[in-house]
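Structure record follows, encoded as structure tokens.
Heavy-atom basis, side chains included; hydrogens, waters and symmetry copies ignored. Since the model is a prediction, treat every value here as computed from it, not as a measurement.
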Amino acid sequence: MLLRIWRAWRRWRKDWDALCNRCGKCCYARRVCDDGDVIIDYRAPCENLDTQTGLCRVYEDRFRKCSHCGKVGLFTALFNPTLPKDCTYVQTFRLWETEKKSAD
């Protein structure tokens with residue numbers, strides 16, 4: 001499994017943002033329930049999110065202009081519990097979750 005994660009990272013590392021499906025879910029307030037499900041508050045988008053397109057209006061300067069914007073890097077993709085399960089970073093790198101789902 002680690003080798004597959006490594007290969008996926010090597011494939012996407014130079015074009016990391018192209019992996020994103022632009023759903024915008026990471027730009028809303030989120031919390032994790034006791035059962036591990038991510039609850040997204042669609043009433044609380046980031047002020048820079050264009051809710052019609054799901055794109056950030058200040059993408060190039062987002063880390064400077066938004067204090068709570070966090071970069072989705074490999075560590076975040078692997079371990080941040082607030083990323084929704086349908087996030088393409090989660091689906092690409094949390095192979096233990098996709099393998100568990102297919103075994104059920």
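Interatomic distance, CZ of Arg30 versus CD1 of Ile40, reported as 7.0 Å (0.5 Å rounding). In this structure, SG on Cys27 lies 11.0 Å from CZ on Arg22, to the nearest 0.5 angstrom. The distance from atom CE of Met1 to atom CG of Leu3, rounded to the nearest 0.5 Å, is 11.5 Å. Here CD1 of Ile5 is found 11.0 Å from OG1 of Thr92. Values are rounded to the nearest 0.5 Å. The line from CD of Glu47 to CZ of Arg57 is 9.5 Å long, rounded to the nearest 0.5 Å. Interatomic distance, Trp6 CH2 to Leu74 CG, rounded to the nearest 0.5 Å: 9.0 Å.
For Lys14, the NZ atom counts as loosely surrounded, since its 6.0 Å shell holds 12 or fewer non-hydrogen atoms of other residues, nucleotides or ligands. The number of heavy-atom neighbours closer than 6.0 Å to CG of Asp35, taken from other residues, nucleotides and ligands shown, is above 12.
By the criterion of side-chain heavy atoms lying less than 4.5 angstrom apart, applied directly or through intervening Ile, Leu, Val, Met, Phe, Trp or Tyr residues, Val90 is not grouped with Val38; the two fall into different hydrophobic clusters. Criterion: ILVMFWY side-chain heavy atoms under 4.5 Å apart, direct or through other members. Under it, Leu19 and Trp9 are part of a common hydrophobic cluster. Leu95 and Val72 fall within a single hydrophobic cluster, where Ile, Leu, Val, Met, Phe, Trp and Tyr are joined by side-chain heavy atoms under 4.5 Å apart, directly or via other members.
Put simply, the side chain of Thr51 reaches to within 4.5 Å of the side chain of Tyr28, judged on heavy atoms. Within the 4.5 Å cutoff, the side chain of Cys46 has no heavy atoms near those of the Arg62 side chain. Between Gln91 and Asp86, some side-chain heavy-atom pair lies under the 4.5 Å cut-off. In this structure the side chain of Ile39 never reaches within 4.5 angstrom of the side chain of Val32, judged on heavy atoms.
A salt bridge is absent between Arg31 and Asp41; no separation between the charged side-chain nitrogens and carboxylate oxygens falls under 4.0 Å.
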field: Leu83/Lys25 under side-chain contact (heavy atoms from CB on, under 4.5 Å): CA gap, chis, key distance, verdict
entry: CA-CA 8 Å; Leu83 288 180; Lys25 291 180 182 178; over 6 Å; no

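No donor-acceptor contact under 3.5 angstrom links the side chains of Tyr59 and Asn48, judged on distance only.
Ring pair Tyr89/Trp16: centre-to-centre distance below 6.0 Å.
The aromatic rings of Phe79 and Trp96 sit parallel, their planes meeting at an angle under 30°, below the 60° perpendicular limit.
Counting all heavy atoms, side chain and backbone alike, Leu78 lies closest to Arg94 at O-NE, 3.1 Å.
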